[in-house]
Student: 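Here you go, one structure.
All figures in this text were calculated on a predicted structure; none of them were measured in a lab. The figures that follow rest on heavy atoms only: side chains count, while hydrogens, waters and symmetry mates do not.
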Amino acid sequence: MQKKLKLWDAIMLVMGSMIGSGIFIVSADMVRNLGSGFWLIIVWIITGIMTVAAAISYGELSALFPKAGGQYTYLKEIFGRRMGFLYGWGLFTVIQTGTIAAVAMAFGKFTAYLIPSLNDAAPLFQSGEFKITWIQILAIGVILLLTYINTRGVQSGKLLQNVFTGSKIIALLGLIAVGFILVDVSHMAENFSLGMDSFNNLKKDLSGNFLKEGWEPIGGMTLLGGIAAAMVGSVFSSVAWESVTFVSGEVENPKKNIVKSMIYGTSAVMILYLAVNFVYLNALDRDSIAFAANDRVAVAASQNIFGSAGTIIIAILVMVSTFGCDNGLILAGARVFQTMAKDGMFFKSAEKNNKNEVPENALWMQGIWASVLCLSGQYGNLLDMISFVIVLFYMITVFGVIYLRFKKPELERPYKTWLYPVTPIIYLLIGTGFCVLLLIYKQQYTWPGFLMVLLGLPVYYFINRKKTADQ
């Protein structure tokens, strides 16, 4: 593979893949789970510590295995082909493709803000609850367009990524600045006046809308359950940074630049996320955050800051953000499926590069399946389930750093995890707490995604049946 991605390109890929639609939406549900500005910020800080700790730990593995496939390669090399396949299976069936579909749909929904006829148009097809809308068609169009652009070569995808990621970072910095300068009435003191008190147990009306008068104090294990539920949103908004490891084969000096891009990129994004949430707490009171229409907190805050133009400003910002995010996800994900094909664990045709030195077949397979998920209408439900699975695979990979230190201490490590073993242990402790609390309190976020990954086991044994028979 040609080394066409420099350190700056890798950082833009990390940041661009992380910043999608989540930061503009998830804080509403987080406040509904905790009822406190204080706890909202604490959860984002915990998520930030988790994310950067994982990135620092992954750095050691990226320097040990500086080749395409990233996390898939790490898991396969450390724990064997079966573990690598299960990760790759989950990545193709829902983690990468489902995220691509959801981000594209977010692009479509915010485009409909600017073009209301998209919302008002009758479905192109409807049978019972299943329907195909123009927003879904637009989302599919975005996926196929970005897939095509990426088949034209790494340079095309890189240029698009840098332009759109740079644009949304500048726009976010602008939103943060005016979020403190132009707000007439600050709600910051009010949102922090409750201190460490937390509230939840919201009831719903017959239409399924939350009732504002339902706040009740919570504490103890109920609070821990609320924190875990709130983290589903913050974790989902903070994943995909590992996408840069998928393109290790195309990054200059990957032993150093992959590590730097992950640490710099994740740290910058988490600081941005924290600042954006302070803007929400400054511009809006608790109920305005928790009960923002369709959870669009950024829209509510922007309307408070800019007036009636706020909706248009945020719609454009989210469109830029989601377009750039999907490009990064599409560019990176196909490299994993190509690497799996080379290992005999994916469709053989995905192995080939086209004349532009990119895995065109793998790109189209990924794009077509993501488009199917857009049409299914079920991708949103799937994504609710995958934060648990993503963290589980992160934990296994981070544990791999410790495991390899004991199993193969003689390996030359160009980069060693900073503050080892404290850093990986911090991630493992927080990740374990998150997963255990979800298993106890929010099982709808856990078992479905876990079972989906386990469905990969019979597929793995079917693919490897000849090798098993030969042995």
Side-chain angles (χ1 to χ4, degrees), residues 1 4-22 51-52 54-55 57-59 61-62 65-75 84 87-88 90-92 94-104 143 146-147 149-150 154 157-158 160-162 164-165 168-169 235-251 254 257-270 321-340 358-359 362-363 366-367 370 383 386-387 389-391 393-394 397:
M1 290 187 175
K4 292 186 177 180
L5 300 175
K6 301 182 186 298
L7 174 60
W8 178 253
D9 304 320
I11 293 171
M12 288 294 99
L13 181 56
V14 171
M15 297 184 71
S17 298
M18 288 178 74
I19 306 171
S21 58
T51 304
V52 177
S57 301
Y58 271 51
L61 299 178
S62 72
F65 309 111
K67 33 189 174 176
Q71 189 171 354
Y72 158 77
T73 300
Y74 309 158
L75 290 169
Y87 172 72
L91 202 72
F92 183 78
V94 66
I95 294 173
Q96 195 79 359
T97 51
T99 306
I100 289 169
V103 171
I143 292 169
L146 288 171
T147 298
I149 290 170
N150 277 281
V154 175
K158 179 181 84 171
L160 200 66
Q161 189 66 24
N162 290 352
F164 275 83
T165 301
K168 64 185 172 186
I169 290 170
V235 166
F236 175 69
S237 302
S238 308
V239 297
W241 49 267
E242 76 281 4
S243 290
V244 73
T245 69
F246 302 163
V247 296
S248 295
E250 291 155 277
V251 175
N257 287 342
I258 296 293
V259 180
K260 290 179 179 178
S261 67
M262 288 192 294
I263 295 173
Y264 297 163
T266 54
S267 300
V269 169
M270 296 317 299
S321 180
T322 49
F323 197 82
C325 178
D326 248 4
N327 182 70
L329 294 169
I330 288 167
L331 186 157
R335 272 63 178 180
V336 179
F337 312 130
Q338 180 186 42
T339 306
M340 291 177 70
V358 293
L363 279 162
Q366 172 185 257
L383 287 177
I386 66 170
S387 289
V389 173
I390 290 173
V391 170
F393 276 121
Y394 280 165
T397 310

Student: Closest heavy-atom contact between T266 and A55?
Tutor: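 What the structure gives for the nearest pair is OG1-CB, 3.7 Å.
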Student: Which heavy-atom pair separates A101 from I143 by the least distance, and what is that distance?
Tutor: CA-CD1, 4.2 Å
Student: Got a second to check how far W241's CH2 is from M270's CE, nearest 0.5 Å?
Tutor: 11.5 Å
Student: Using side-chain heavy atoms (C-beta onward) and a distance below 4.5 Å, is V235 in contact with I390?
Tutor: no
Student: Residues in ring pair (Phe, Tyr, Trp, His ring centres under 6.0 Å) with Y264, at least two apart?
Tutor: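 If we apply the ring pair (Phe, Tyr, Trp, His ring centres under 6.0 Å) test to Y264, skipping adjacent residues, there are no hits.
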Student: Just checking, any donor-acceptor pair under 3.5 angstrom between side chains of Q71 and T397?
Tutor: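 Their side chains do contain a donor-acceptor pair, which is all the 3.5 Å distance test asks for.
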Student: Show which side-chain atoms of residues 322-332 pair as donor or acceptor with protein atoms under 3.5 Å away, not counting sequence neighbours.
Tutor:
unit_1: T322; atom_1: OG1; unit_2: V318; atom_2: O; d: 2.7
unit_1: T322; atom_1: OG1; unit_2: M319; atom_2: O; d: 3.3
unit_1: D326; atom_1: OD2; unit_2: A104; atom_2: N; d: 3.4
unit_1: N327; atom_1: OD1; unit_2: N150; atom_2: ND2; d: 3.0
unit_1: N327; atom_1: ND2; unit_2: G157; atom_2: O; d: 3.1
unit_1: N327; atom_1: ND2; unit_2: Q161; atom_2: OE1; d: 2.9

Student: Please report the interatomic distance CZ(F393) to CD(E242), rounded to the nearest 0.5 Å.
Tutor: 11.5 Å
Student: Tell me if a side-chain donor or acceptor on T97 pairs with a main-chain N or O of F92 at a distance below 3.5 Å.
Tutor: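 Such a contact is found between T97 side chain and F92 backbone.
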Student: With sequence neighbours left out, what residues match S237 under side chain to side chain contact (heavy atoms under 4.5 Å, CB included)?
Tutor: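 Checked S237 against side chain to side chain contact (heavy atoms under 4.5 Å, CB included); matches are V26, W44, Y273.
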Student: Would a distance-only check, ignoring hydrogens and angles, find a side-chain to backbone donor-acceptor pair under 3.5 Å from S243 to A240?
Tutor: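 Side chain of S243 to backbone of A240, a donor-acceptor pair under 3.5 Å: yes, one is there.
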Student: Between I258 and Y58, is any pair of side-chain heavy atoms under 4.5 Å apart?
Tutor: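 No, their side chains stay 4.5 Å or more apart.
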Student: So do the side chains of F246 and T339 get within less than 4.5 Å of each other, counting heavy atoms only?
Tutor: no
Student: Is there side-chain contact between S261 and N257, with heavy atoms separated by less than 4.5 Å?
Tutor: no
Student: Applying side chain to side chain contact (heavy atoms under 4.5 Å, CB included), name anything that partners A334, two or more places apart in sequence or on another chain.
Tutor: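 Here the qualifying residues are P359, A362, L363, Q366.
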Student: With V94, which residues qualify under side chain to side chain contact (heavy atoms under 4.5 Å, CB included), at least two apart?
Tutor: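 L382, I386, M452.
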Student: Side-chain contact test, heavy atoms from C-beta onward, threshold under 4.5 Å: evaluate it for F337 versus Y72 and give yes or no.
Tutor: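 Of all side-chain heavy-atom pairs linking Y72 with F337, none is under 4.5 Å.
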Student: Working to the nearest 0.5 Å, report the span between CZ of R335 and OG1 of T73.
Tutor: 13.5 Å
Student: Quick check: do M18 and T51 have side-chain heavy atoms less than 4.5 Å from each other?
Tutor: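 Counting from C-beta outward, M18 and T51 do come under 4.5 Å.
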Student: Taking C-beta and beyond as the side chain, do K158 and L13 meet within less than 4.5 Å on heavy atoms?
Tutor: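 Not touching, per the 4.5 Å side-chain cut-off.
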Student: Nearest 0.5 angstrom please: L5 CG to S248 OG, how far?
Tutor: 10.0 Å
Student: Could you walk me through whether T245 and M262 pass the side-chain contact (heavy atoms from CB on, under 4.5 Å) check?
Tutor: CA-CA 9 Å; T245 69; M262 288 192 294; 3.7 Å; yes
Student: Using the side chain to side chain contact (heavy atoms under 4.5 Å, CB included) criterion, which residues pair with S321? Sequence neighbours excluded.
Tutor: I19, F24, K168
Student: Working to the nearest 0.5 Å, report the span between OH of Y394 and OG of S387.
Tutor: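 Those atoms lie 9.5 Å apart.
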